[in-house]
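Here the structure is laid out as C-alpha cells; the discussion comes afterwards.
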Protein chains: 2
Amino acid sequence: MDAVFHALGDATRRQMLRSLAGGERTVGQLAAPFAISLAAASKHIKTLEHAGLIRREVRGRTHVCRLEPGPLAAAHDWLGFYERFWTDRLDALDRVLRADDAIRSPDKEKTDE
Amino acid sequence: MDAVFHALGDATRRQMLRSLAGGERTVGQLAAPFAISLAAASKHIKTLEHAGLIRREVRGRTHVCRLEPGPLAAAHDWLGFYERFWTDRLDALDRVLRADDAIRSPDKEKTDE
DNA sequence: TCCATGCTTAACCGACTGGTTGAATATGGA
DNA sequence: TCCATATTCAACCAGTCGGTTAAGCATGGA
C-alpha cells in the first residue's frame, strides 16, 4: 500500500498509467511524452512495477508493459472506507438547505463523533 | 493530487486519517499511538494539512484536527477511472468460468486495446 | 560479422524526507 | 506571577528521490 500510493504520488507515473490504460506500451513509448532521459523513465517504470501497478513482458529487445489493476482496486477500496464522509457531508448540506428553504429550523452541521 | 497521494504514501499518516475518521483529534491524540517525537508527528500533520486532507482549528493551546474529505473523494474518483480494468477482468473471468462450466468454448482473456 | 536499436545499470548530484534534540511560544491554572 | 501543558520551530542527520551522463548488454537486421 505504501508503495502503491507512493508510486501514484508522481505526475509522470500517473500519466504513464493513463497511457497504459490505452493498451500495452513499450518502455520507449511510455517515455516518449516526457522531456526526461530514458534512464529516468526506466526508473519510474521500475517504481510502478515494484508497486505491482504494471507487469512487464520482455519480447526480444523491447520491454512491453501492461496495466495491472489489482493494486489500483485496493487503493480505491482503501479510499472507499471514507466515502461516507463526503456523502455524509453532502447529505448534511442537503438537509440544511432543505430545512432552510422550508421552515427555518436551525440545524447544526453534525460531523459524526 | 501529487500532495494527496504523497501524503497517503505513509502508513503513519494513513493511520492518523483512520483515527480522524472517528472524530476530532488533537495533535497530541493523533501522535499518541506512535513511537515518534511530537515534533515528528507535527510534521506528519502538517503534511496532511498541506494536502488538504485535514483542517486544523486552534482552541486555546490545543490544535484540534478534523478530516477534510474533499481530496480523498478526488483521489477516489481518479482511481475510479480505472475501475473498468478490474471489473472487466472479473467480467472476463466470469465469462470464462461460465463458458467453461457450460459448453467448453475456448475464450481468450481479452485485456482491452 | 558488424552496427543500430531498446533498455538497464552504475555513479553521481542537489533536493527532499522522516526522524532526532533542544529551544521557543502561547495558553491554562494554581 | 509562576509553572505545567500543548505545540511549533530550527538545526541537524542519514536515507531516499528524481534527475543526469556514460557505459554495458542483448537483440535484430544488413
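Quick caveat: nothing in here was measured; it's all calculated off a predicted structure.
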Side chain proximity check, B:Leu8 to B:Arg13, heavy atoms < 4.5 angstrom:
no

d(CG, A:Asp2; C1', D:dC17) in whole Å:
15 Å

For B:Arg59, report the nucleic acid contact type (base, sugar-phosphate, nothing); a contact means any heavy atom under 4.0 Å.
nothing

If the cut-off is 4.0 Å, is B:Arg56 near the phosphate of D:dT7, judged by side-chain N/O to OP1 or OP2?
no

State, with a plain yes or no, whether a side-chain heavy atom of A:Leu53 is found less than 4.5 Å away from one of A:Leu67.
no

Which atom pairs link the protein and nucleotides 1-6 of chain C when you take only N or O atoms and keep those under 3.5 Å?
| unit_1 | atom_1 | unit_2 | atom_2 | d |
| --- | --- | --- | --- | --- |
| C:dT5 | O2 | A:Arg61 | NH1 | 2.8 |

Give a yes/no answer on whether the side chain of A:Ser37 brings an N or O atom under 4.0 Å of OP1 or OP2 in D:dG19.
no

Can the ring centroids of A:His6 and B:His6 be said to lie less than 6.0 angstrom from one another?
no

For the side chain of B:Gln15 and the backbone of B:Thr12, is there at least one donor-acceptor N/O pair under 3.5 Å apart?
no

Without decimals, in angstroms, what is the distance between A:Ile45 CD1 and D:dG19 C1'?
15 Å

What is the distance, to the nearest angstrom, from the CD1 atom on A:Ile36 to the C1' atom on D:dT21?
14 Å

Between C:dA15 atom C1' and A:Asp10 atom CG, what is the distance in whole Å?
14 Å

Could you tell me whether a side-chain N or O of B:Ser42 sits under 3.5 Å from a main-chain N or O of B:Leu38, the two making a donor and an acceptor?
no

When the distance from CZ of B:Phe5 to C1' of D:dC17 is rounded to whole Å, what number comes out?
19 Å

Before you tell me yes or no, could you show the steps for A:Thr26 and A:Cys65 under side chain to side chain contact (heavy atoms under 4.5 Å, CB included), namely the whole-Å CA-CA distance, both residues' side-chain angles and the distance that decides it to 0.1 Å?
CA-CA 6 Å; A:Thr26 70; A:Cys65 303; over 6 Å; no

For nucleotides 9-13 of chain C, print each protein N/O atom paired with a nucleotide N/O atom at under 3.5 Å, atom names and distance only.
| unit_1 | atom_1 | unit_2 | atom_2 | d |
| --- | --- | --- | --- | --- |
| C:dT9 | OP2 | A:Lys46 | NZ | 3.3 |

Hey, is A:Glu24 close enough to A:Arg59 for a salt bridge, meaning N to O under 4.0 Å?
yes

Do the ring planes of A:His76 and B:Trp86 sit parallel (below 30°), tilted (30 to 60°) or perpendicular (above 60°)?
tilted

Under the side chain to side chain contact (heavy atoms under 4.5 Å, CB included) rule, what do B:Ile54 and B:Leu17 come out as? Steps first, then yes or no, please.
CA-CA 8 Å; B:Ile54 68 177; B:Leu17 286 182; 4.0 Å; yes

How long is the line joining NE2 of B:His50 and C1' of C:dT17, in whole Å?
14 Å

Short side-chain N/O contact from A:His44 to OP1 or OP2 of D:dC17, under 4.0 Å
no

